[in-house]
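Quick notes on the structure that follows.
Values below: all heavy atoms of this structure, side chains included; hydrogens, waters and symmetry mates excluded. Only a predicted model underlies this, so the values are computations on that prediction, with no experimental measurement involved.
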Amino acid sequence: LPNALARLVVPHLAAYTDESKLRSLLTLIVEEWENGTSSFSRSLELRNVLSAASFVPTGLPISSTSGTITENDELIVVGSMTLARPDKLLDPSVEELAEACGLDDENGSLFFPAVQCRSPEWLRMLRDLGLRRALDPATFLAAAELAAEKREPRRSRQLLKHLRVDFER
């Protein structure tokens, strides 16, 4: 089943029009990721395909899908969901990232998985697939531009603090 998903289903997620079917598929993948009998996580083919696929729901509103977090049209819209690649999102459990990029405010939806995708099971799977635990330069600049645009001095200070701490490592 994992290899069939990798070959026949995941490459065509952009063609999905039924949000409930997509949610069911994502639930199946998460539930089976570490399941002892089918363990999708052991399928190298499925891992590779999911790592490169925009399948992670974000909190990003559809009207905001102007390429803010990705460069090559890597966002997919299915129904009311905006989907991104795991390696384009930040791990919400990393406190410094949550503070610097605004996990709990509307801007956080640009950088983190949607709230329903932050369970321990989801996060383990997303980490296996490339969920980022550090800011890259492009994300840092996007977060800084957003903080400046929204006139958020607290967020700007958090980003500068993160930059200083990261630079000192």
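- Checked by atom type and distance alone, the side chain of S54 never pairs as donor or acceptor with a backbone atom of I76 at under 3.5 Å.
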Inset, instruction - Show the numbers, then the answer: is there a side chain to side chain contact (heavy atoms under 4.5 Å, CB included) between S93 and R127? - result: CA-CA 11 Å; S93 68; R127 286 180 194 120; 2.9 Å; yes
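- Residues Q116 and P57 are in side-chain contact: their nearest non-hydrogen atoms beyond the backbone lie under 4.5 Å apart.
- Rounded to the nearest 0.5 Å, atoms SG (C117) and CG (L123) are 9.0 Å apart.
- Taking CD1 of I29 as the reference point, atom CH2 of W122 lies at 7.5 Å (rounded to 0.5 Å).
- Two residues are said to be in side-chain contact when any heavy atoms from C-beta on lie closer than 4.5 Å; C101 and L135 meet this criterion.
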inquiry  = For L83 and V78: C-alpha separation, side-chain torsions, deciding distance, then whether side chain to side chain contact (heavy atoms under 4.5 Å, CB included) applies.
reply    = CA-CA 8 Å; L83 310 174; V78 175; 4.0 Å; yes
task: Report the C-alpha separation of S80 and E19 in whole Å, then their side-chain angles, then the decisive distance to 0.1 Å, and conclude whether the side chain to side chain donor-acceptor pair (under 3.5 Å) test is met.
output: CA-CA 7 Å; S80 66; E19 187 176 327; 3.0 Å; yes
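- Remark: D136 pairs with R132, T139 by the side chain to side chain donor-acceptor pair (under 3.5 Å) rule, at least two apart or across chains.
- In this structure, L44 is not a member of the same hydrophobic cluster as V10, with clusters built from ILVMFWY side-chain heavy atoms closer than 4.5 Å.
- Here the CG atom belonging to L89 is positioned 11.5 Å from the CG atom belonging to L129, to the nearest 0.5 angstrom.
- Considering CG of L25 and CG of L13, their distance stands at 6.5 Å, rounded to 0.5 Å.
- With rounding to the nearest 0.5 angstrom, the OG1 atom of T58 is 7.0 Å from the CG atom of L75.
- With contacts defined as side-chain heavy-atom distances shorter than 4.5 Å, the pair P92/L97 does not qualify.
- L131 has its side chain out of reach of F112: every pair of non-hydrogen atoms, C-beta onward, lies at least 4.5 Å apart.
- F40 is not listed as a side-chain neighbour of D128, based on a closest heavy-atom distance of 4.5 Å or more.
- The main-chain N or O of S41 is found under 3.5 Å from a side-chain atom of R47 such that the two form a donor-acceptor pair.
- Residues meeting the side-chain contact (heavy atoms from CB on, under 4.5 Å) test with A6, sequence neighbours left out: E45, L46, V49.
- Evaluation of the side-chain contact (heavy atoms from CB on, under 4.5 Å) rule for E121 yields V30, S119, R124 as partners, not counting sequence neighbours.
- Under 3.5 Å, the side chains of R151 and S156 contain no donor-acceptor pair of N or O atoms.
- The distance from atom CD of E31 to atom CG of L26, rounded to the nearest 0.5 Å, is 11.0 Å.
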Inset, instruction - Would you please test L146 and F111 for side chain to side chain contact (heavy atoms under 4.5 Å, CB included) and show each step? - result: CA-CA 11 Å; L146 192 58; F111 306 106; 4.2 Å; yes
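- When side chains are defined from C-beta on, E34 does not count as touching M125, because their heavy atoms never get closer than 4.5 Å.
- Side-chain atoms of R155 never come within 3.5 Å of backbone atoms of A148 as a donor-acceptor pair (strictly under, hydrogens ignored).
- With contacts defined as side-chain heavy-atom distances shorter than 4.5 Å, the pair S20/R23 does not qualify.
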